[in-house]
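Notes follow the structure.
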Amino acid sequence: QVQLVETGGGLVEPGGSLRLSCAASGRTFSSYTMAWFRQAPGRQREFVAGINWTGGTTNYQDSVKGRFTISRDNVKNMVYLQMNSLKPEDTAVYYCAADTASSRAYVPSTAAPYDYWGQGTQVTVSS
């Protein structure tokens, strides 16, 4: 069983920054692919960014490339999403997700491979 707890959401003005954190349980966290998804009201959940088990491979949605950075700390069992130059269209509930299949080399950008999810944290970008 894996538990994921997101923190760091909040209200920020356009152009501002936030850092989301995801604390994960699980003795084999270092083998999981981790990702962030988001869901805005009335829209489907969408992939934002993902990172493979070593941290050496990342994958980003085109709209966040150059603004968001995903990283992980396999000692602390943490995943982070640094979000800069935030836009109103980034407003959504952000979810941390874990793909516990053994040590993928690539980072899936669809929801199906991710078998554990956090409860979400709200990010609102507004003036």
Closest non-hydrogen atom pair, [X] against [Y]:
X: A98; Y: D115; answer: O-OD1, 2.7 Å
X: M78; Y: S21; answer: CE-CB, 3.7 Å
X: N52; Y: G56; answer: OD1-N, 3.1 Å
X: N74; Y: R72; answer: OD1-NE, 2.7 Å
X: P113; Y: D99; answer: O-OD1, 3.3 Å
X: A40; Y: A92; answer: N-CB, 3.8 Å

Requested in this report: Sorted by first residue and then second, give each disulfide bond (SG atoms under 2.5 Å apart) pair with at least one member in residues 2-78; sequence neighbours left out.
Outcome: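 Disulfide bond (SG atoms under 2.5 Å apart) check on residues 2-78 returns C22-C96.
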
Requested in this report: May I have all residue pairs that pass disulfide bond (SG atoms under 2.5 Å apart) and include part of residues 27-77, sequence neighbours excluded?
Outcome: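 Sorted pair list comes back empty.
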
Report task. Run through the side-chain heavy atoms of Ile, Leu, Val, Met, Phe, Trp and Tyr, join any pair under 4.5 Å, and report what else lands in V123's cluster. Result -> V2, L4, V12, L18, L20, F29, Y32, M34, W36, V48, I51, Y60, V64, F68, I70, V79, L81, M83, L86, Y94, Y116, V125

Starting at [atom1] of [X], measure out to [atom2] of [Y] and round the result to the nearest 0.5 Å.
X: D90; Y: S85; atom1: CG; atom2: OG; answer: 9.5 Å
X: E89; Y: R38; atom1: CD; atom2: CZ; answer: 8.0 Å
X: S25; Y: Q1; atom1: OG; atom2: CD; answer: 7.5 Å
X: Q39; Y: Y95; atom1: CD; atom2: OH; answer: 5.5 Å
X: K65; Y: T58; atom1: NZ; atom2: OG1; answer: 9.5 Å

Query raised in the report: Listed by chain and number, what are the ring-ring contact (aromatic ring centres under 6.0 Å, His included) partners of W53, not counting sequence neighbours?
Result: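 Applying ring-ring contact (aromatic ring centres under 6.0 Å, His included) to W53 gives none.
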
Query raised in the report: Is there side-chain contact between T100 and Y114, with heavy atoms separated by less than 4.5 Å?
Result: no

Query raised in the report: S126 versus T91: any side-chain heavy-atom pair under 4.5 Å?
Result: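 No, side chains not in contact.
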
Report summary line: With sequence neighbours left out, the residues meeting side chain to side chain contact (heavy atoms under 4.5 Å, CB included) with Q82 are S17, R19, T69, N84

Query - With T124 via side-chain hydrogen bond (donor to acceptor under 3.5 Å, both in side chains) - residues at least two apart - result: Q122

